[in-house]
Undergrad: 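Quick one: structure below, then a few questions.
Per chain, numbering begins at 1; letters A, B, ... match sequence-line order.
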Number of protein chains: 2
Amino acid sequence: MASQIPEVVILRLPLYARTLAALRDSGQEVISSHELGGKLHITPAQIRKDLSYFGKFGKQGRGYNIKRLLEELQQILGLNREWSMALVGVGRLGRAIIGYGGFAPQGFRVVAAFDTSPELVGTQVEHLIVQDIAELGATIKEKSVNIGIVAVPASHAQEVINVLVSSGVKAILNYAPVVVKVPEDVRVREIDPVLALQSMTYYIKKAKERPAEAATRSRQKRAALSS
Amino acid sequence: MASQIPEVVILRLPLYARTLAALRDSGQEVISSHELGGKLHITPAQIRKDLSYFGKFGKQGRGYNIKRLLEELQQILGLNREWSMALVGVGRLGRAIIGYGGFAPQGFRVVAAFDTSPELVGTQVEHLIVQDIAELGATIKEKSVNIGIVAVPASHAQEVINVLVSSGVKAILNYAPVVVKVPEDVRVREIDPVLALQSMTYYIKKAKERPAEAATRSRQKRAALSS
DNA sequence: TTCTGTGAACGGATTCACAGCA
DNA sequence: TGCTGTGAATCCGTTCACAGAA
């Protein structure tokens, strides 16, 4: 029963959490769904409905206590702990991922890096020693890794993901430009800047072809902008 | 009139194009909506409906000619040309973006890089000389840049995007973890691996709390898997 | 008043189902 | 027989609108 929460809702929660964290750091204590919606281009009703799946966090007439709501969201999303991740593929992209400073402050840590290349295995990249992919299963158990990051060429992504999945990983951040097959209980998120670009070019092209009505286009649902 | 094509459809087209390109390279000549759907976890009906917004590209009883359909999609998306991009923010992330090998083969080229730091301006990064952001407007016109890439800290993203927009850029790839405000006729795509991770942790956490029904969860629409 | 929480109404994307062509 | 193209039906997320608490 209960909890069949739409996936889109889950995708928006981290956005709320991020924004609330920034507001908290700026010293603000309370926010209304209207004001939060203004910042995120989301309607106030949407935000209230999303939150209502998880409980009643607001006060009528006032809004939401930022600190309180943030803590609730972190609890819901599991952000009040550290998550260990294993990276596969220590090429140029993989190295950039290891060096990316955005993960650690949010509690995500790359604790192991794997590759197949004999030249790479054994070498040090930042704080990690590159391991052979044969050791993946053992290391994942040993270091309680929950998340895999795939940064290998598209042609090898599926096999790498098979190894991750058979080692028990349930969440994969996939930088390889392919849609992969995974069991029902494994989540994959694709990070692909090229796909993002290729959908934007459609709109640039269209606007150039018919410049007159450029602004008529429907955008994502129009946010009720605050005052 | 006409063309109010849902944005989700446009987001799927590059996926189709990518897959068709791989099939073409593998020598396959024809594909059915059923087979293509199997590779992408998309229902055959969805694919046929998506394509029907743009024309009739298939042959009943046979399927789609891969080369032909790919060319059509490239035409529709504007992928049959080069696109010039300007990068703002030459920190660690910015440098990784400049060095990323995935853009060029798809016709996307970073032709200028900007920063505000006096230490960086004038230095060379790969094939580019870092320019002061004050030169952005002029360079964008000069080099016919259509796309901006933002790789600055969240706190500066909005102002950088304001500059890009006022220089005429209509598409922005935003690596900064903030939702920014842009005019109706400007497209923004966020690239944020942390948000992607933070929504997956929800499911990992949930599965651990109620392991019994882990596999019961509804996934994204179940694809009718091929044979 | 102000703003939340929520059932009901709505709207739009997905899926169905079938006519029709190869 | 096989598979496309597409109106119709369905499903599901979004928005509405209002009761009710502060």
Undergrad: In whole Å, I'd like the distance from the CG atom of A/D50 to the P atom of D/dC16.
TA: 15 Å
Undergrad: Are any of A/S32's side-chain N or O atoms less than 4.0 Å away from OP1 or OP2 of C/dC3?
TA: no
Undergrad: Once salt bridge (charged side-chain N to carboxylate O under 4.0 Å, His left out) is applied, what residue pairs with a partner in residues 146-160 of chain A remain, sequence neighbours excluded?
TA: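 For residues 146-160 of chain A, and leaving out neighbouring residues, there are no salt bridge (charged side-chain N to carboxylate O under 4.0 Å, His left out) pairs at all.
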Undergrad: Measuring to OP1 and OP2 of C/dT14, would you say a side-chain N or O of B/T43 lies under 4.0 angstrom away?
TA: no
Undergrad: OP1 or OP2 of D/dT6 sitting under 4.0 Å from any side-chain N/O of B/K56?
TA: yes
Undergrad: Figure out the NZ/C1' separation between A/K59 and D/dG20, and round it to whole Å.
TA: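 Distance check: A/K59 NZ to D/dG20 C1' gives 15 Å.
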Undergrad: Could you please spell out the steps behind the side-chain contact (heavy atoms from CB on, under 4.5 Å) verdict for B/K39 and B/L23?
TA: CA-CA 11 Å; B/K39 290 185 183 297; B/L23 288 163; 3.7 Å; yes
Undergrad: For DNA chain D, find the residues of residues 60-76 of chain B with a heavy-atom distance under 4.0 Å and give them by number; none if there aren't any.
TA: B/Q60, B/G61, B/R62, B/G63, B/Y64
Undergrad: A/R12 side chain N/O closer than 4.0 Å to the phosphate oxygens (OP1, OP2) of D/dT14?
TA: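 Answer yes for this pair, as a side-chain N or O of A/R12 is under 4.0 Å from OP1 or OP2.
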Undergrad: Among A/V9, A/L11, A/L13, find the residue that satisfies the side-chain contact (heavy atoms from CB on, under 4.5 Å) test when tested with B/S199.
TA: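 Result: among A/V9, A/L11, A/L13, A/L11 is the only option passing the side-chain contact (heavy atoms from CB on, under 4.5 Å) with B/S199.
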Undergrad: Roughly, in whole Å, what's the span from CD1 in A/I42 to P in D/dG13?
TA: 15 Å
Undergrad: Apply salt bridge (Lys or Arg N to Asp or Glu O under 4.0 Å) to B/R12 and list each qualifying residue two or more places apart in sequence or on a separate chain.
TA: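 B/D50.
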Undergrad: Taking atom types as modelled, is there a side-chain donor on A/E190 or A/N174 under 3.5 Å from an acceptor on the other?
TA: yes
Undergrad: Would you check, one step at a time, whether the test side-chain hydrogen bond (donor to acceptor under 3.5 Å, both in side chains) holds for A/N80 with A/Q75?
TA: CA-CA 6 Å; A/N80 45 9; A/Q75 162 63 26; 3.0 Å; yes
Undergrad: Verify the contact: side-chain N or O of B/S33 to OP1 or OP2 of D/dT4, cut-off strictly under 4.0 Å; return yes or no.
TA: yes
Undergrad: Can you measure B/L13 atom CG to C/dA13 atom P for me and round it to whole angstrom units?
TA: 14 Å
Undergrad: Would you say B/Q46 places a side-chain N or O within less than 4.0 Å of OP1 or OP2 belonging to C/dA13?
TA: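 No.
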